[in-house]
Every structure is written in C-alpha cells, then in structure tokens.
Amino acid sequence: MYKISNFKRKKLGIFPTPFKKLQNLSSKFNVNLFIKRDDLSGVGVGGNKIRKLEFLLADAIDKGCDTVITIGGAQSNHAMLTAASCRKLHLEPILVLKKRGVTDTKGNLLLNNILDAKIYFIDTDSTSEVYDEAIKLSEELMKKGKKPYVIPMGGSNILGTLGYINCAFELFKQADEIGVNIDHIVCASGSGGTQGGIIAGVKLLDKKTKVTGVMVSPEKDFEKKISNLVNGALKLLESDICINEKEVVLKDYVGPGYAIPSEIGTQAIKLLAKNEGIILDPVYTGKAFGGLIDLIERGYIRENENVVFIHTGGIPGLFAIH
Ligand SMILES: *Cc1c(COP(=O)(O)O)cnc(C)c1O
C-alpha cells in the first residue's frame with residue numbers, strides 16, 4: 001500500500017490535537033465520552049479544514065501556483081482558514097462566497113478582512129453557480145499570467161480527504177495509549193471530507209468502530225458523495241478496500257436549515273459549556289453534539305460505550321448570529 005507520508009504535505013497546524021475525556025458529561029450520561037480537539041488545530045482560530053489544507057496547499061505549491069481560489073457560504077470557516085493558511089505560505093487568497101447570509105463585518109467576514117483576503121460575493125444560493133464563478137475567475141487570472149489553484153467547497157476532494165485519514169490514525173494511537181477501544185466516532189458532516197476520511201481511516205486500521213455523521217444542511221445523495229470520497233482516497237493509497245454507500249451512516253439534525261440555529265444545537269452548546277467549559281458553534285458542532293446526546297438518549301449509543309466527538313471548530317459562527 002501507498003503511505004500517506006509519501007504525499008506532499010505542508011505542516012500548517014499543531015498536531016496531534018488534544019484528546020480528552022469529558023468526565024462530567026460521561027458521569028451524567030453513563031457513557032465514556034471523549035473529545036478530539038480539532039478546534040485547536042493552530043491556524044486562524046482552529047478547525048478541521050487545516051488538515052485538508054496541508055495536503056491541498058502542498059499540491060498548489062508543487063504545481064507552481066501563486067493564487068488560491070476557494071468557495072463557500074458567506075460565513076464559511078473553510079474559506080477563512082484557507083485565507084489564513086495561504087498567508088502563511090505566501091499564496092494569494094481569493095474567496096468566492098454566497099451573498100446570502102452576509103451581515104455586518106462579523107465572524108469569519110471580519111477575520112477575512114483582517115487577513116486581507118480578496119472576496120467576491122455572488123448573489124445566489126447555488127453552490128454550482130459559485131463554483132462556476134470561481135472557474136471563470138481562475139481563467140481570467142490565467143490570461144493575466146497568474147497561476148491559480150481552485151479548491152472545492154469545504155476542501156472536500158480526494159486529496160483533502162487524506163487529512164482526515166491522518167486524523168483517524170492520530171486518534172486511534174491516542175486512544176490505544178490510554179487503553180480505550182473506540183465504539184463510536186461522531187462528527188458534523190458538511191461537505192463530507194471529514195467523515196469520509198475517518199471512515200477510510202477506520203477501514204485501513206481494520207477497526208469495528210461505528211462512524212456517524214451528523215447532517216447540518218439538507219444534502220441529496222450525500223451517502224454517495226461520501227462513499228466516493230472514501231473509495232477515491234482508498235484507491236489513491238492503492239488499497240483494495242472499497243465501501244458501499246450503505247455503509248455511510250448519517251443522522252439528520254439540520255433543524256430549521258443550514259446555518260440557522262436549532263433548539264437541540266443551542267441546548268448542546270450550553271450543556272458542553274456549563275459542564276466542561278468547552279465552546280461549540282451554532283452551525284456545525286452544536287448541532288452535531290446535540291445529535292450525539294440525542295443518540296445516547298435514544299439508545300443508538302449504549303451505556304458504557306466509548307464515544308469520541310470530533311470538535312471540528314467553527315467558533316467564528318458564534319459571533320455572526322444575532
Ligand atoms: C466544514 C466544517 C465541518 C464539516 O466538515 P466537512 O469535511 O465539510 O464535512 C464541520 N464543522 C465545522 C466547524 C466546519 O467548518
């Protein structure tokens with residue numbers, strides 16, 4: 001098999017991220033709850049996209065690119081973290097964002113300003129239209145002699161997915177060191193690279209761990225998209241393993257809509273803050289952690305099982321809502 005370490009990677013983050021037991025909530029819910037602090041990944045204000053960007057931006061530099069274009073919603077954590085990572089590597093960041101949801105210069109929009117990223121707002125709700133705009137922009141820049149590199153939504157392509165295979169390896173090593181056998185891993189799933197990478201990592205390590213993605217936006221054929229990322233990454237690593245889309249487990253906790261706070265999410269933010277002093281965000285991790293608690297209460301996660309929640313970051317989102 002081809003090793004991940006054979007792929008070019010720019011060291012951007014601070015890894016391994018901490019892995020800790022949530023003692024107070026574990027006692028409260030009679031499960032062994034652990035948290036993987038990818039919110040503390042060390043660039044910008046932290047978050048899961050750094051692991052993907054280490055591979056994507058290494059590829060950009062390897063291809064001789066000088067400019068990086070990426071897309072997202074108005075408050076995209078991925079776009080902001082791309083801008084921050086680009087600054088570190090002397091690449092020029094350009095963000096093509098959906099205009100919907102643009103508020104004052106708050107949250108990630110404030111950070112994008114501080115990072116001096118060039119932003120184009122597109123008046124649409126459609127991701128494919130934003131992506132088309134990014135491609136058009138990239139072609140214009142090429143005519144001007146620039147070398148742009150386009151990163152898709154959330155950094156979730158096959159190369160980006162390698163970042164979360166690495167996270168799975170890192171996590172199982174940390175769990176082994178304290179003698180914990182992980183029964184469940186739960187994370188928010190947005191563009192799918194995080195969950196996809198973890199599923200691929202679990203397969204490569206031949207573990208029985210159940211990986212559950214919490215949906216925070218309505219997506220069609222999301223299982224298919226994630227299984228394509230898993231199988232693409234496994235193939236890139238020359239593994240013979242291949243999964244069926246039915247093996248991708250997703251639970252819907254979208255609530256009223258993408259980036260609109262939900263009751264379960266808001267309760268979960270307060271629960272983790274009041275019991276453990278850890279802060280979640282309203283768009284991704286609050287809903288995901290709320291989903292996890294609900295899955296314990298419904299018996300999907302059983303008493304005394306070992307459960308790891310991946311804290312994927314998103315803190316700026318807290319400062320962008322009303
Ligand atoms: C992007 C993001 C996610 C979702 O990760 P994907 O790899 O896109 O599925 C989860 N949490 C936060 C805070 C994010 O910014």
Side-chain angles (χ1 to χ4, degrees), residues 13 17 35-41 43-56 70-85 95 97 107-108 111-112 127 151-168 185-201 211-219 222-223 225-230 233 248-251 253-254 258-259 261 265 268-269 272 278-292 309-321:
T17 55
I35 194 163
K36 176 74 173 150
R37 298 293 305 272
D38 272 15
D39 58 318
L40 302 178
S41 60
V43 180
V45 290
N48 62 340
K49 303 308 179 312
I50 302 304
R51 291 189 189 270
K52 306 175 186 183
L53 287 163
E54 289 196 331
F55 289 95
L56 295 166
T70 197
I71 62 170
Q75 283 290 341
S76 165
N77 298 306
H78 161 70
M80 182 277 289
L81 291 173
T82 300
S85 303
L95 313 178
L97 307 178
N108 282 305
L111 297 175
N112 292 339
T127 298
I151 297 179
M153 193 83 155
S156 284
N157 57 16
I158 288 165
L159 195 58
T161 299
L162 296 184
Y164 267 84
I165 296 182
N166 252 349
C167 176
I185 298 174
V186 178
C187 66
S189 216
S191 59
T194 301
Q195 188 184 357
I198 293 170
I199 293 173
V211 181
T212 304
V214 175
M215 280 173 75
V216 297
S217 58
E219 305 279 349
F222 200 30
E223 287 87 352
K225 181 182 178 187
I226 293 175
S227 63
N228 283 341
L229 287 171
V230 174
V248 177
V249 179
L250 288 164
K251 302 284 178 187
Y253 287 92
V254 180
Y258 175 68
I269 292 172
L272 190 64
I278 296 172
I279 307 299
L280 298 168
D281 83 288
V283 183
Y284 292 95
T285 55
K287 288 180 182 179
F289 196 70
L292 188 162
F309 176 70
I310 314 282
H311 190 333
T312 44
I315 299 311
L318 263 183
F319 303 104
I321 51 169

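Counting starts at 1 for both ligands and their atoms, in listed order.
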- Taken to the nearest 0.5 Å, the spacing of Ile278 CD1 from Ile269 CD1 works out to 13.5 Å

- Have a look at ligand 1 and work out which part of Asn48, if any, has a heavy atom under 4.0 Å from it: side chain, backbone, both or neither. side chain

- Any idea which of Gly213, Gly313, Gly163 brings a heavy atom closest to atom 13 (C) of ligand 1? Gly313

- Message: Is there a polar contact between ligand 1 and Asn77, counting only N or O atoms under 3.5 Å apart?
- Response: yes

- Is there a donor-acceptor pair under 3.5 Å between the side chain of Glu223 and the backbone N or O of Leu250? no

- Mode of Lys49 contact toward ligand 1 - side chain, backbone, both, neither (heavy atoms, under 4.0 Å): side chain

- Closest contact, heavy atoms only, Leu81 versus Gly44: CD2-CA, 4.2 Å

- Query: Of all the atoms in ligand 1, which lie at a distance below 4.0 Å from a heavy atom belonging to Gly314?
  - Reply: 13 (C)

- Is there a nitrogen or oxygen of Asp281 sitting under 3.5 Å from a nitrogen or oxygen of ligand 1? no

- Item | Where Arg37 and Thr17 come nearest, the two heavy atoms and their spacing | O-CB, 3.3 Å

- Please confirm whether the backbone N or O of Val214 pairs with a side-chain atom of Gln195, one donor and one acceptor, at under 3.5 Å? no

- Query: Which residue and non-hydrogen atom of the protein lie closest to atom 4 (C) of ligand 1, and at what distance in Å?
  - Reply: Gly190 N, 3.5 Å

- Message: Closer than 3.5 angstrom, by distance alone: can the side chain of His311 be matched with the main-chain N or O of Ile279 as a donor-acceptor pair?
- Response: yes

- Message: If we set the cut-off at 4.0 Å for heavy atoms, which region of Lys52 has an atom near ligand 1: side chain, backbone, both, or neither?
- Response: side chain

- Note on the structure: Ranked by distance from atom 11 (N) of ligand 1, the top protein heavy atom is Thr312 OG1, 2.6 Å

- Gly192 N/O to ligand 1 N/O under 3.5 Å: yes

- Message: So if I count the atoms of ligand 1 from 1 in the order they appear, which ones are less than 4.0 Å from some heavy atom of Gly193?
- Response: 7 (O), 9 (O)

- Could you pull out the closest heavy-atom pair between Asp281 and Gly314, with the gap in Å? CB-O, 3.1 Å

- Query: So is Gly47 close enough to ligand 1, meaning a heavy atom under 4.0 angstrom away?
  - Reply: no

- Any idea which protein heavy atom is nearest atom 8 (O) of ligand 1, and the distance to it? Ser191 OG, 2.5 Å

- Shortest non-hydrogen separation from Ala268 to Gly286 and the atoms involved: CB-O, 3.4 Å

- Item | Nearest heavy atoms of Leu280 and Phe309, plus distance in Å | CD2-CE2, 3.9 Å

- Message: Only heavy atoms of Ser189, strictly under 4.0 Å: list the atoms of ligand 1 that pass.
- Response: 9 (O)

